[in-house]
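Worksheet: one structure, shown below.
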Amino acid sequence: MVERQRGPVVVDRGVEVPVPADGEVWVVGAVILNRQGRAFAQRRSPDRRLFPGCWDIVGGHVEPGESLMAALAREVEEETGWRLRRVRALLGTGSWTGDDGGGPRREADYLVEVDGDLDHPALEWSKHTDYGWFGAEDLPRLKAGRAPAEHFIHDLIATALGNKG
């Protein structure tokens, strides 16, 4: 378990949590499902430096000296006002380099459960312009206006929903 100010975060048995090596830049992401099994996504504002106007999951950079689970809990709370309660599964890890000059990053994305009012996320409206809950039938919306190489969020949420379509 990861201890946070407001209580423990349960990490299910078998969930891999990488430990960043010195000099590595890591990003964490959270696919949050509601009681109806729909996944939360938020649209990045068009003036964001990295991935402007894209649908995105909750997440962000791991600060120096911060564990991946501490960063995941912090990002969930900062971006939604919700509290990370449980980490159910590692959905995947990967590497990417953005067009923002930030260099290469490693990423770990998790399927999580949160506490809070899921009907009223406290979004960072200066960074996001919209949000939604996506079921299998909504997945095509995550591809709208994106090139095939930019379907990462669609594919990640499809994986979390157990849907390959």
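The figures that follow rest on heavy atoms only: side chains count, while hydrogens, waters and symmetry mates do not.
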- request: Would you confirm whether Arg106, through its side chain, and Ser95, through its main-chain N or O, come within 3.5 Å as a donor-acceptor pair?
  value: no
query: Do the side-chain N and O atoms of Arg105 and His61 include a donor-acceptor pair separated by under 3.5 angstrom?
result: yes
- prompt: Could you state the interatomic distance from CG (Leu156) to NE2 (His151), rounded to the nearest 0.5 Å?
  reply: 14.0 Å
query: Do Val76 and Val114 come close enough that some side-chain heavy atom pair is under 4.5 Å?
result: yes
query: Minimum heavy-atom separation for Ala21 to Glu24, with atom names?
result: N-OE1, 2.9 Å
- line: Between Pro104 and Val25, the two heavy atoms sitting closest are O-CB, 3.9 Å
statement: Taken in chain and number order and not counting sequence neighbours, the residues that satisfy ring pair (Phe, Tyr, Trp, His ring centres under 6.0 Å) with Phe40 are Trp82, Tyr131, Trp133
task: Applying side chain to side chain contact (heavy atoms under 4.5 Å, CB included), run through Arg48 and His128 and close with a yes or a no.
output: CA-CA 9 Å; Arg48 297 287 299 271; His128 299 95; 3.8 Å; yes
field: Closest heavy-atom pair and its distance - Thr93, Pro18
entry: CG2-CG, 4.3 Å
side-chain hydrogen bond (donor to acceptor under 3.5 Å, both in side chains) contacts in which one or both residues fall within residues 111-122, not counting sequence neighbours: Arg85-Glu113, Arg85-Asp115, Arg86-Glu113, Asp117-His120
message: Looking at every heavy atom in both Gly37 and Leu161, which two are closest together, and how far apart are they?
response: O-CD2, 3.1 Å
query: Closest approach of Pro46 and Pro52, non-hydrogen atoms and distance?
result: O-CB, 3.3 Å
message: For the CZ atom of Arg43 and the CG atom of Leu142, what is their distance to the nearest 0.5 Å?
response: 9.0 Å
- prompt: Looking only at atom types and distance, does a side-chain atom of Glu77 sit under 3.5 Å from a main-chain N or O of Arg74, one as donor and one as acceptor?
  reply: no
- prompt: So how far is it from Leu139 CG to His154 NE2, rounded to the nearest 0.5 Å?
  reply: 4.5 Å
task: Can you spot which of Val58, Leu84, Leu111 makes a side-chain contact (heavy atoms from CB on, under 4.5 Å) with Ile32?
output: Val58
- request: Hey, could you give me the CG/CZ distance between Leu33 and Arg88, rounded to the nearest 0.5 Å?
  value: 6.0 Å
message: Could you tell me if the side chain of Val11 sits less than 4.5 Å from the side chain of Met69, heavy atoms only?
response: yes
- prompt: Tell me, do Pro20 and Leu68 make a side-chain contact under 4.5 Å, heavy atoms counted?
  reply: yes
message: Would the distance check show the side chain of Asp12 and the main-chain N or O of Val15 forming a donor-acceptor pair, the cut-off being under 3.5 Å?
response: no
task: Mind checking the CD1-CD spacing from Ile57 to Gln42? Nearest 0.5 Å is all I need.
output: 9.5 Å
- prompt: Do Glu66 side-chain atoms and Glu63 backbone N/O form a donor-acceptor pair below 3.5 Å?
  reply: yes
- prompt: Passes ring pair (Phe, Tyr, Trp, His ring centres under 6.0 Å), Phe152 versus Trp96? Steps please.
  reply: CA-CA 11 Å; Phe152 175 72; Trp96 56 273; 8.5 Å; no
task: Taking all heavy atoms of Val31 and all of Ala39, pick out the closest pair and write down the distance.
output: CG1-CB, 4.0 Å
field: Side-chain heavy-atom pair Phe134, Arg38 within 4.5 angstrom cut-off
entry: no
task: Under the side chain to side chain contact (heavy atoms under 4.5 Å, CB included) rule, what do Val9 and Leu72 come out as? Steps first, then yes or no, please.
output: CA-CA 10 Å; Val9 173; Leu72 194 65; over 6 Å; no
query: Under a 4.5 Å cut-off applied to non-hydrogen side-chain atoms, are Ile157 and Trp55 in contact?
result: no
